[in-house]
Amino acid sequence: MSASEAGARLDPARVRADFPILDLQVNGKPLVYLDNAASAQMPQRVIDRIVRYQTREHSNIHRAVHYLSETATAEYEAARRSIQRLLNAASDREIIFTSGTTDAINLVMHGYGRKFVGEGDEIVVSAIEHHANIVPWQMLCEERGARLRVIPVNDAGELDFSAYRELLGPRTKLVAITHVSNALGTVVPVADYIAEAHRLGVPVLVDGAQAAPHLQVDVQALGCDFYAFSGHKMCGPTGIGVLYGRAEWLERMQPFKGGGDMILSVTFEKTTYNGLPFKFEAGTPPIMPAIALGEAVDYLLELGLANIARCEHELLAYATEEVARIPGLRVIGTAERKAAVLSMVMEGIHPHDLGTLLNEDGVAVRAGHHCAQPVMARYGIPATARASFAFYNTPGEVDTLVASLLRARKVFGLS
Ligand code: PLP
């Protein structure tokens, strides 16, 4: 179905026709793809966009006056405006193409952190962050003699807001917090966290890698200073991501990488930097991935992020109810507000063995620590088997997952 035909209510069974890979058979069984939190699949429309770019439009951008360069430049900048619409950013100058969420966070670490964070300062993160939103801040703290403060999490996977308020203080230079936890599925009420930080004039970076594909994100309504996400988790290609940054911060920050395109003039004595967003896009950017991401974002916008959220919410509720019937299975992450992630441990079966057995039935889940080792440590487990949903998953696929989990118990001699 073309995205524009989508009504207010998404029908996953019909949307599936847009995704050729979903027709695959794995081990003689229909593929049940439940690893969307790692990478989502790509609709034919985005694949076609890549082919069109490579066959009719490819050239380097920004630096020539010939037809192809002007075409590629126009399409690259149009993709930026699609991202601006997705996030409701005030200006396309605030949309910076990066190689992914990790790269976007590192940009802020270098551009903001190395300029504004000094000895004795503090950076606040939460206990449920992906390593991408921990390690760069640790590196900065080590370099600057600053200190990392951590918002604690309760047994359900919800952050402790009053503990957070106590962590904030005159030394706080940045709050870096996830919008949706990739390991637990918790939706963090980030607007409240942002408002609290802003009372002290502290900027907030939101890691939106797991939120942008599933929720309607409005950076102006949230009030965040930075918002990061990855293209490959939202039906686009790998190698592309986005940093939204409020212009007033981006203008004050130092560039992350130096090179072509991020300059206005260079002499051996002095370089003058380019304006936004180019100041942060040194060198030839990932042109084709950016254009393909723009197409993916247009597709998601046509489906409607609110429709996607509703459809995935129903699927997660159904899956949560169904796996509750399985003996010995424990869901890790039972927050009141969750999005698209069902992390499980099964008594008597290691998550990796569980993942391998599910794969025999064509069911793709991820087993591991999900780049969130502190989360695993918090719950005293080495790993989980994580099913993560997209709008093209169906209740029938949840039934296959449940049947496969029950089969795994039999294989392990568990009743
Ligand atoms: N943050 C979160 C919450 C994630 O789930 C991920 C990837 O799984 C990342 C950051 C890192 O994204 P990438 O590897 O695309 O840079």
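When a ligand or atom number is given, it counts from 1 through the structure's own listing order. All residue numbers in this chain count up from 1 along the given sequence.
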Q: Does any donor atom in the side chain of R407 or S404 lie under 3.5 Å from an acceptor atom in the other side chain?
A: no

Q: Under a plain distance cut-off of 3.5 Å, with no hydrogens placed, do S91 and E94 share a side-chain donor-acceptor pair?
A: no

Q: Provide the number and element of each atom of ligand 1 under 4.0 Å from a heavy atom of H232.
A: 15 (O)

Q: Before we go on, tell me: are the rings of Y164 and Y193 under 6.0 Å apart, centre to centre?
A: yes

Q: Looking at ligand 1, would H370 count as a contact under a 4.0 Å heavy-atom criterion?
A: no

Q: For D207, which part has a heavy atom under 4.0 Å from ligand 1: side chain, backbone, both, or neither?
A: side chain

Q: List every atom of ligand 1 that sits less than 4.0 Å from any heavy atom of N182, numbering the atoms from 1 in the order shown and giving each element.
A: 5 (O)

Q: Working note: E397 + T400, criterion side-chain hydrogen bond (donor to acceptor under 3.5 Å, both in side chains); need CA distance, chi angles, decisive distance, verdict.
A: CA-CA 5 Å; E397 289 182 311; T400 306; over 6 Å; no

Q: Do Q210 and K233 make a side-chain contact, defined as non-hydrogen atoms from C-beta onward lying under 4.5 Å apart?
A: yes

Q: Nearest protein heavy atom to atom 5 (O) of ligand 1, by residue and atom, and its distance?
A: Q210 NE2, 2.7 Å

Q: What about K233: any of its N or O atoms under 3.5 Å from an N or O on ligand 1?
A: yes

Q: Please could you name the atoms of ligand 1 that S230 approaches to less than 4.0 Å, counting only its heavy atoms?
A: 12 (O), 13 (P), 15 (O), 16 (O)

Q: Consider ring-ring contact (aromatic ring centres under 6.0 Å, His included). Of W249, F280, W137, which one does Y112 pass it with?
A: W249

Q: Relative to atom 4 (C) of ligand 1, which among H179, H131, H130, R366 owns the nearest non-hydrogen atom?
A: H130

Q: Return the residue, atom name and 0.1 Å-rounded distance of the protein heavy atom closest to atom 14 (O) of ligand 1.
A: T102 OG1, 3.7 Å

Q: With rounding to the nearest 0.5 Å, note down the distance linking CG in N182 to CZ in R366.
A: 10.5 Å

